[in-house]
Amino acid sequence: MTVASGLPQLLVVGLGNLPFPQTRHRRTDLNRSIGHLIIDALAARLHIHMTTDRTMGGVTGRSKVTLGETVVSLTLLKPKPLMNITGPSVAGALRKSVKVPDAMVIIHDSLSHKPKALSPKIGGSANGHNGVRSIISALGGETHFHRFRIGIGRGPGDAAEYVLSKLSEEEKLYWNGDGIGLDLICNELEHIARKQLGSQGLP
């Protein structure tokens, strides 16, 4: 765990496709880019300024914020590489920020969970998610980091086409701004931060 001067530190990475293939536009309204949408929503709610940082491998921001009753040094990151090859970028950002894998949270889409579901876990396999698999590979097989699996369900037809389809307006509102989904994300982040404090014997 990383706790500096009694202040827990977290790196929260939202997976997505920042330069969506074959368009000139950022597409944060897609199922597969829901991680980016949530990072943008966290930055807006917590007033974290985001900027492109080549040393961190993407769009990032860092600030001391309050989650519930816990003050946290929070770094947000939207990696620049396409999701399936995002591992080296995330591994580099980890080394430059919180250092240890269990202080990192990866937010990614999950076909195995119903829309608007949040399923936190730590460790384990990639469960078929290529972005998570790339991160595990870049970390030399290390799996002991947090994942927030965001349910997008499984639509009819081809799964590869479905993950590149647009999120519903209901889902976007749920994870954005004052949405209930973002409340759940913040609660889970506070829970991880408090576990950091507890591991150091801090209140």
Side-chain angles (χ1 to χ4, degrees), residues 1-3 8-17 30-39 42 56-58 67 70 72 74-79 81-155 159-160 162-164 167 171 174-175 181-200:
M1 295 295 182
T2 301
V3 182
Q9 299 184 50
L10 293 176
L11 168 64
V12 181
V13 181
L15 299 190
N17 290 322
L30 305 178
N31 280 312
R32 175 114 291 196
S33 289
I34 196 166
H36 283 178
L37 182 149
I38 290 172
I39 291 295
L42 284 170
M56 288 287 284
L67 297 172
T70 307
V72 180
L74 183 64
T75 301
L76 303 177
L77 174 66
K78 296 191 295 183
L82 296 176
M83 184 186 295
N84 292 356
I85 57 171
T86 198
S89 176
V90 172
L94 176 65
R95 289 191 294 269
K96 291 178 174 65
S97 56
V98 296
K99 311 296 184 187
V100 292
D102 60 358
M104 178 171 72
V105 180
I106 303 296
I107 301 177
H108 66 86
D109 61 300
S110 173
L111 288 164
S112 302
H113 295 84
K114 294 180 180 180
K116 299 193 296 183
L118 168 62
S119 177
K121 66 175 283 191
I122 182 168
S125 72
N127 292 122
H129 194 282
N130 289 332
V132 176
R133 182 181 292 115
S134 177
I135 293 168
I136 292 172
S137 177
L139 293 175
E142 173 64 65
T143 64
H144 197 67
F145 53 88
H146 297 271
R147 303 95 185 267
F148 287 179
R149 297 168 294 179
I150 306 298
I152 60 172
R154 187 181 292 272
Y162 176 70
V163 296
L164 296 178
L167 288 164
E171 288 172 277
Y174 187 81
W175 297 113
L182 200 62
D183 292 339
L184 297 176
I185 294 283
C186 289
N187 290 343
E188 288 295 335
L189 291 176
E190 183 189 12
H191 177 69
I192 295 170
R194 293 202 66 80
K195 284 185 69 175
Q196 281 192 20
L197 291 172
S199 71
Q200 299 293 318

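Side chain of His146 to main chain of Asp102: a donor-acceptor pair is present (N/O by atom type, distance under 3.5 Å, no hydrogens or angles). In this structure, Ser134 contributes its side chain and Gly87 its backbone to a donor-acceptor pair below 3.5 Å. Distance alone, capped at 3.5 Å, places no donor-acceptor pair between the Arg149 side chain and the Ser112 backbone. Using modelled atom types, one side-chain atom of Ser89 and one backbone atom of Gly57 make a donor-acceptor pair closer than 3.5 Å.
Counting heavy atoms from C-beta on, the side chains of Met83 and His129 come closer than 4.5 Å. Contact of the Pro81 side chain with the Val90 side chain is not registered, since no non-hydrogen atoms from C-beta on lie closer than 4.5 Å.
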Note to self: Run the side-chain contact (heavy atoms from CB on, under 4.5 Å) test on Phe148 and Ile192 for me, step by step, so that the C-alpha distance in whole Å, both residues' side-chain angles and the decisive distance to 0.1 Å come before the verdict.
What the structure shows: CA-CA 12 Å; Phe148 287 179; Ile192 295 170; 3.9 Å; yes

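Taken to the nearest 0.5 Å, the CG atom of Leu77 stands 6.0 Å off from the CG atom of Leu11. Distance OG/Ser119 to CZ/Arg147: 11.0 Å, rounded to 0.5 Å.
In terms of heavy atoms, Lys99 sits closest to Arg95 at NZ-O, 2.8 Å.
In this structure, Lys121 places its NZ atom where more than 12 heavy-atom neighbours from other residues, nucleotides or ligands lie under 6.0 Å away.
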Return all side-chain donor-acceptor pairs below 3.5 angstrom for residues 136-145, not counting sequence neighbours, or 'none' if the list is empty.
residue, atom, partner, partner atom, Å
Glu142, OE2, His144, N, 2.7

